[in-house]
Every structure is written in C-alpha cells, then in structure tokens.
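What you are looking at is a predicted structure, and each value in this text was computed from that prediction instead of being measured.
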Amino acid sequence: MNFRPLHDRVLVRRLDEEETTAGGIIIPDTAKEKPMEGEIIAAGSGAKNEKGEVSPLDVKAGDRILFGKWSGTEVKIDGEELIIMKESDILGIIEDAAPVKKAA
C-alpha cells in the first residue's frame, strides 16, 4: 500500500467484532454495529503549532485503538475498507495486559 497520511491524521483498519455473545447467541449482520476498535496502519508526522514546530503523534503504526462511533472518513484503498481520522478522534490505546480476574 502506498499511502501516507499527512500531519495529525492516521489510517485505521477496523478489527472484526465478535460473531456470538458470551452466552453463545449468534448475532446476525443486520443487528451488528460497526466496531469502534481498530489497528493503526499508518500515521502522519504530527501536527504543527503556531510557531510551525511539529509535535509528534502519541500513536504509531501497529497500535490498537478505540475511537468514536462517527469518527473519521471511510475510504477504500487497494480494495480494503479503511478509515482516515485525526489523532484527536482517538479515544485511547489498547495495551496488552493480563486479564482482570472477577471477584467471586
């Protein structure tokens, strides 16, 4: 893929959502919402401030992120549906951590 986002924009691939619930109920396509979790494919160099200095992004290619339901612009690049969004549309980075145990 030959695409590089500019400034404070990132290119995101949505991650697939679960097909079944925890109880084993299969969710039909008509009832599914688009997932709000994705992986950053490419990131711009950063936003410029009033002085013209570039402040780097807090995210990088490969990061798993959460974003708002209506964030970004959907585009098709090389036949793949992707999203271009500003860094400010990203709610947070999902870091790999040990699963939290529930109290008994």
Side-chain angles (χ1 to χ4, degrees):
M1 175 182 317
N2 294 325
F3 183 83
R4 182 175 52 95
L6 297 176
H7 308 294
D8 64 338
R9 289 181 172 78
V10 294
L11 184 65
V12 177
R13 175 186 298 127
R14 283 188 197 271
L15 296 178
D16 292 332
E17 201 166 307
E18 295 293 322
E19 299 287 328
T20 59
T21 64
I25 298 172
I26 298 173
I27 304 169
D29 288 338
T30 54
K32 288 183 192 174
E33 291 189 19
K34 290 185 176 181
M36 297 183 299
E37 185 177 331
E39 177 185 3
I40 295 182
I41 304 301
S45 58
K48 290 185 180 180
N49 61 17
E50 293 82 29
K51 297 178 184 177
E53 301 165 336
V54 176
S55 57
L57 301 179
D58 291 330
V59 295
K60 62 187 179 308
D63 283 349
R64 288 183 59 190
I65 60 166
L66 287 178
F67 51 88
K69 186 180 282 191
W70 308 109
S71 298
T73 303
E74 293 184 357
V75 294
K76 199 170 205 175
I77 300 175
D78 294 338
E80 185 176 11
E81 302 244 352
L82 302 170
I83 305 168
I84 298 173
M85 67 179 67
K86 288 190 167 222
E87 183 186 33
S88 60
D89 291 337
I90 297 172
L91 303 175
I93 300 171
I94 300 171
E95 297 178 354
D96 292 332
V100 178
K101 293 184 179 179
K102 292 183 180 180

Show the atom names and distances, to 0.1 Å, of all donor-acceptor pairs under 3.5 Å that link a side chain in residues 87-94 to residues at least two apart or in another chain.
| unit_1 | atom_1 | unit_2 | atom_2 | d |
| --- | --- | --- | --- | --- |
| Glu87 | OE2 | Asp58 | N | 2.6 |

Quick one: pull up [atom1] in [X] and [atom2] in [Y] and give me the separation to the nearest 0.5 Å.
X: Arg14; Y: Glu39; atom1: CZ; atom2: CD; value: 14.0 Å
X: Ile84; Y: Glu74; atom1: CD1; atom2: CD; value: 11.0 Å
X: Thr73; Y: Lys86; atom1: OG1; atom2: NZ; value: 10.5 Å

- Ile83 vs Phe67, side-chain contact (heavy atoms from CB on, under 4.5 Å): CA-CA, chis, key distance, verdict: CA-CA 11 Å; Ile83 305 168; Phe67 51 88; 3.9 Å; yes
- Minimum-distance pair of heavy atoms, taken over all atoms of Lys76 and Gly79: CE-O, 3.8 Å
- Message: Asp63: which residues meet the salt bridge (charged side-chain N to carboxylate O under 4.0 Å, His left out) condition with it, sequence neighbours left out?
- Response: Lys60
Could you list the donor-acceptor pairs under 3.5 angstrom formed by side chains in residues 41-49, with sequence neighbours left out?
| unit_1 | atom_1 | unit_2 | atom_2 | d |
| --- | --- | --- | --- | --- |
| Asn49 | OD1 | Lys51 | N | 3.0 |
| Asn49 | OD1 | Gly52 | N | 3.1 |
| Asn49 | OD1 | Glu53 | N | 2.9 |
| Asn49 | ND2 | Glu53 | OE1 | 3.2 |

- Message: Just to verify, what does Glu50 make a side-chain contact (heavy atoms from CB on, under 4.5 Å) with, not counting sequence neighbours?
- Response: none
